[in-house]
Structure formats: C-alpha cells, structure tokens
Amino acid sequence: MTKNQIIEEIYHSNIVLKVAKRYSSYIQVNLDDFCQHIYLTLCEIPESKLQELYEKEQLPYYIFYICKAQATNFSGKFHKIHDCKNNVTIEDYLLTYEKDN
C-alpha cells in the first residue's frame with residue numbers, strides 16, 4: 001500500500017478526529033485546524049516508516065501519540081503556528097459585540 005493510500009484510509013476511518021476530540025480541552029482553536037495539522041505531520045513521515053507502522057498495525061497508536069504530543073505541548077509546533085494563547089473564540093467576540101451595542 002502506498003503512502004497516499006494509507007493516509008486516505010486514515011482519513012476515511014476518522015481516527016484523527018476521534019483522538020483529537022479527546023484532547024479538545026487542550027486545543028483552543030478549531031478542531032479541523034488541529035486535524036489538518038496532524039494530517040500534514042503524517043504526510044511528512046517517510047513512506048517507508050508509514051508503511052512499516054501500517055503493516056505492523058501500530059499506526060493508530062502512532063496517531064494517538066502525535067495528537068497527544070501536539071495538543072499538550074504548548075511550546076510545540078502546533079501551538080506556535082496557531083498562537084493558541086491569543087486566539088479569540090466566537091463566543092468571546094459575540095460577548096464583546098453584545099456589550100458594545
């Protein structure tokens with residue numbers, strides 16, 4: 001199985017979304033953005049390593065590890081890219097808007 005087929009299978013299984021929901025309290029941005037970041041991380045893995053993880057049926061555990069590491073490491077790549085500390089949620093925006101009007 002090729003790298004693209006493996007990633008496509010992962011996408012259709014919704015495992016990334018399921019795992020990401022477990023860490024939603026750590027993720028202070030859109031969950032879809034987090035999932036896309038995980039898919040990008042999977043795309044950056046060498047094809048031979050991804051195939052090996054798939055063949056040994058270790059890929060779900062690896063995805064779990066990536067999600068956990070990216071969600072809980074506040075000095076990591078995901079939180080640096082999205083600057084999660086300074087993001088304003090839609091609820092915050094609406095509260096501010098209601099106060100002003």
Side-chain angles (χ1 to χ4, degrees):
M1 195 173 244
T2 67
K3 182 177 183 177
N4 290 339
Q5 290 171 328
I6 293 170
I7 292 175
E8 185 176 342
E9 186 175 315
I10 292 167
Y11 176 77
H12 290 298
S13 72
N14 287 328
I15 187 171
V16 173
L17 182 61
K18 291 173 188 173
V19 174
K21 284 181 180 179
R22 294 184 73 189
Y23 291 102
S24 62
S25 62
Y26 294 98
I27 305 165
Q28 299 173 358
V29 295
N30 188 333
L31 202 57
D32 291 335
D33 290 342
F34 181 77
C35 290
Q36 291 302 318
H37 179 78
I38 300 301
Y39 288 120
L40 180 61
T41 304
L42 290 171
C43 288
E44 292 172 349
I45 297 172
E47 186 166 359
S48 59
K49 182 175 181 175
L50 195 64
Q51 287 174 334
E52 180 183 345
L53 290 167
Y54 180 80
E55 289 168 4
K56 292 183 177 180
E57 298 180 359
Q58 295 176 339
L59 198 51
Y61 303 107
Y62 192 76
I63 292 169
F64 181 81
Y65 170 75
I66 292 172
C67 289
K68 179 182 177 186
Q70 293 296 322
T72 59
N73 184 0
F74 295 105
S75 62
K77 187 175 180 181
F78 175 74
H79 289 282
K80 284 182 182 176
I81 290 172
H82 292 282
D83 193 16
C84 296
K85 295 175 190 164
N86 297 323
N87 282 345
V88 177
T89 64
I90 190 69
E91 291 83 11
D92 294 337
Y93 175 78
L94 291 174
L95 287 173
T96 305
Y97 180 76
E98 289 172 1
K99 289 178 184 175
D100 292 341
N101 290 331

Worksheet entry | Audit row: Tyr39, Ile10, side-chain contact (heavy atoms from CB on, under 4.5 Å) steps and yes/no | CA-CA 9 Å; Tyr39 288 120; Ile10 292 167; 4.0 Å; yes
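The side chain to side chain donor-acceptor pair (under 3.5 Å) pairs that include a residue from residues 4-22 are Thr2-Gln5, Glu9-Tyr54, where partners are two or more places apart or lie in different chains.
A continuous path of ILVMFWY side-chain contacts below 4.5 Å connects Met1 to Ile45, so both sit in one hydrophobic cluster.
Annotation: the span from Thr41 atom OG1 to Gln36 atom CD amounts to 11.0 Å, rounded to 0.5 Å. Between Leu53 atom CG and Tyr61 atom OH the span is 12.5 Å, to the nearest 0.5 Å.
Side-chain contact between Ile6 and Leu42 is absent, with no heavy-atom pair separated by less than 4.5 Å.
Here the shortest heavy-atom pairing between Phe34 and Ala20 reads CD2-CB, 3.6 Å.
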